[in-house]
Novice: 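Sharing a structure below in structure tokens format, with a few things to ask.
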Amino acid sequence: MSCSLIVTNKPNLPNIKMKLDRAFYLRPTLEVAGDLVGKYLVYSTPSGIISARLVEVEAYIGENDPACHAAVGKTPRNEIMYGPGGFSYIYFIYGMYHCLNVVTEQEGFPAAVLIRGAEPEEGLALMRRNFDKPAGNRLTNGPGKLCRAFGLNRDENGLDLTGSKLYLEDRGYKPVKIERSRRIGIKKGLGKKWRFYEPSPFISVKLK
DNA sequence: TTAATGATCCGCT
DNA sequence: GCGGATCATTAAG
């Protein structure tokens, strides 16, 4: 018999749940990105609550960031990034995956934080059901997998994250350590260390 | 290392 | 409109 236990960071939480408000998202993107590590992504579905603690995010900031979708200017696809912070930006990529971003900064300045990895907290059974194919123990280590496990697609693009359907919450968890690296899966903008992560089995990739 | 798989965007007609 | 390049991924080989 094989052991399927995954050892993760063990949150010892005080009993608080505080939804992140608009002001949290309207700040500079790098600040928001760093502060998002350790926060909880919560999705309220008809079947129940799905939640996970964020361990890996990346910042994409403005039209001058060559890796940011806004580098080509405003299009129907990326226009949500041009709005005020605190909304979801979900796009379809590689013909089969979705990626979830959190829009940041004031209206008019296009920026967002990509959610790349998280440790499941509630609704693991729902995640497995959503995944809908043989899957291992890690359903939320990677932006495409995370969206699949949560059941997020373009129908959830543009949601107000200060609402009650999809939101982020401070549950009092303090990351043990936050590290920074270059961003993953891009060819331009590699000079910026705009990836933030807390060491965890649910990090998408480990760089050499 | 590479195939899978399709929306998006650009540069043309 | 149409063709082709691109793509913030993933799992299999």
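Naming convention: chains lettered A, B, ... in sequence-line order (proteins, then strands); numbering from 1 in each chain. Values reported hereafter were calculated over all heavy atoms of this structure, with side chains retained and with hydrogens, waters and symmetry mates removed.
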Novice: Roughly, in whole Å, what's the span from CZ in A:R116 to P in C:dA8?
Specialist: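 Going from CZ in A:R116 over to P in C:dA8 covers 11 Å.
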Novice: Hey, does A:Y60 reach any base, or is it just sugar-phosphate, or nothing, if we go heavy atoms under 4.0 Å?
Specialist: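 The answer is base, as A:Y60 lies within the cut-off (heavy atoms under 4.0 Å) of a base atom.
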Novice: Mind checking who C:dG4 pairs with, Watson-Crick or G-U wobble, both distances under 3.5 Å?
Specialist: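 B:dC9 - that is the nucleotide pairing with C:dG4, both distances being under 3.5 Å.
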Novice: Would one find a side-chain N or O of A:R195 under 4.0 angstrom from OP1 or OP2 of C:dA8?
Specialist: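 No, A:R195 has no side-chain N/O under 4.0 Å of OP1/OP2 on C:dA8.
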Novice: State yes or no: are the ring centers of A:Y89 and A:F87 separated by less than 6.0 Å?
Specialist: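 Not close enough - the centres of the two rings lie 6.0 Å or further apart.
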Novice: Which nucleotide, if any, forms a Watson-Crick or G-U wobble pair with B:dT2, using both distances under 3.5 Å?
Specialist: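 Result: C:dA11.
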Novice: For A:L114, answer base if it contacts any base atom (sugar-phosphate contacts may also be present), sugar-phosphate if it contacts only those atoms, and nothing otherwise; contact means non-hydrogen atoms under 4.0 Å.
Specialist: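 The residue A:L114 makes base contact.
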Novice: Could you walk me through whether A:E105 and A:I61 satisfy the side-chain contact (heavy atoms from CB on, under 4.5 Å) test, starting with their C-alpha distance in whole Å, then the side-chain angles of each, then the deciding distance to 0.1 Å, before giving a yes or no?
Specialist: CA-CA 9 Å; A:E105 315 237 12; A:I61 310 175; 4.3 Å; yes
Novice: Taking the six-membered ring for Trp, does A:Y97 stack with C:dT9 (centroid gap under 5.5 Å, planes within less than 30°)?
Specialist: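 Per 5.5 Å and 30° rule: no stacking.
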Novice: For DNA chain B, note the earliest and the latest nucleotide, 5' to 3', having some atom under 4.0 Å of a heavy atom belonging to chain A.
Specialist: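 Going 5' to 3' along DNA chain B, contacts run B:dA4 to B:dC9.
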Novice: Honestly curious: do A:I80 and A:I93 fall in one hydrophobic cluster under the side-chain, below-4.5 Å linking rule?
Specialist: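 Yes; A:I93 is reachable from A:I80 via cluster members.
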Novice: How close or far is atom P of C:dC7 from atom OH of A:Y89, stated in whole angstroms?
Specialist: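 Value for this atom pair: 13 Å.
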Novice: Report the distance from atom OH of A:Y91 to atom P of C:dT6, rounded to the nearest whole Å.
Specialist: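 A:Y91 atom OH is separated from C:dT6 atom P by 18 Å.
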Novice: C:dA8 P sits how many Å from A:R182 CZ, rounded?
Specialist: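 After rounding, the gap between these two atoms is 13 Å.
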Novice: Using a cut-off of less than 4.0 Å, is there contact between a side-chain N or O of A:K187 and OP1 or OP2 of C:dT6?
Specialist: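 Checking A:K187 against C:dT6: no side-chain N or O falls below 4.0 Å of OP1 or OP2.
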Novice: Is A:F131 linked to A:L152 within one hydrophobic cluster, defined over Ile, Leu, Val, Met, Phe, Trp and Tyr using a side-chain heavy-atom separation of less than 4.5 Å?
Specialist: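 They do share one cluster, since a chain of ILVMFWY contacts under 4.5 Å joins A:F131 to A:L152.
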Novice: Atom CD1 of A:I186 and atom C1' of C:dA8: how far apart are they, to the nearest Å?
Specialist: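 It is 7 Å, rounded to the nearest whole Å.
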Novice: Rounded to whole Å, how long is the line connecting atom CD of A:E58 with atom P of C:dA8?
Specialist: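 Spelled out: CD on A:E58 to P on C:dA8 is 10 Å.
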Novice: Between A:V55 and A:I115, is there shared hydrophobic-cluster membership here, with clusters defined by ILVMFWY side-chain heavy atoms closer than 4.5 Å?
Specialist: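 No.
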Novice: Rounded to the Å, how far apart are A:L146 CG and C:dA8 P?
Specialist: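 Spelled out: CG on A:L146 to P on C:dA8 is 18 Å.
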Novice: Within this structure, what is the CD1-to-C1' distance between A:I115 and C:dA8, rounded to whole angstrom?
Specialist: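 For the pair A:I115 CD1 and C:dA8 C1', the rounded distance is 12 Å.
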Novice: Give the intermediate values and the outcome of side-chain contact (heavy atoms from CB on, under 4.5 Å) for residues A:L36 and A:L20.
Specialist: CA-CA 10 Å; A:L36 277 174; A:L20 304 186; 4.1 Å; yes
Novice: Mind checking A:G144 for me? I need base, sugar-phosphate or nothing, with any heavy atom below 4.0 Å counting as a touch.
Specialist: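 Sugar-phosphate: the residue A:G144, judged by heavy atoms under 4.0 Å, touches backbone atoms but no base.
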Novice: Have a look at A:R77 and say if it touches a base, only the backbone sugar-phosphate, or nothing, with a 4.0 Å heavy-atom cut-off.
Specialist: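 The answer is sugar-phosphate, as A:R77 gets under 4.0 Å only of primed atoms, P, OP1 or OP2.
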Novice: With sugar-phosphate meaning primed atoms plus P, OP1 and OP2, does A:R148 contact a base, only sugar-phosphate, or nothing at under 4.0 Å between heavy atoms?
Specialist: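 Nothing, no nucleic acid heavy atom in range.
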Novice: Please determine which of A:K174, A:R53, A:R116, A:K177 meets the salt bridge (charged side-chain N to carboxylate O under 4.0 Å, His left out) test together with A:E198.
Specialist: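 It is A:R53; the other options fail the test.
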Novice: Thinking salt bridges, do A:E121 and A:K17 make one under a 4.0 Å N-O criterion?
Specialist: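 Result for this pair is no, no salt bridge flagged.
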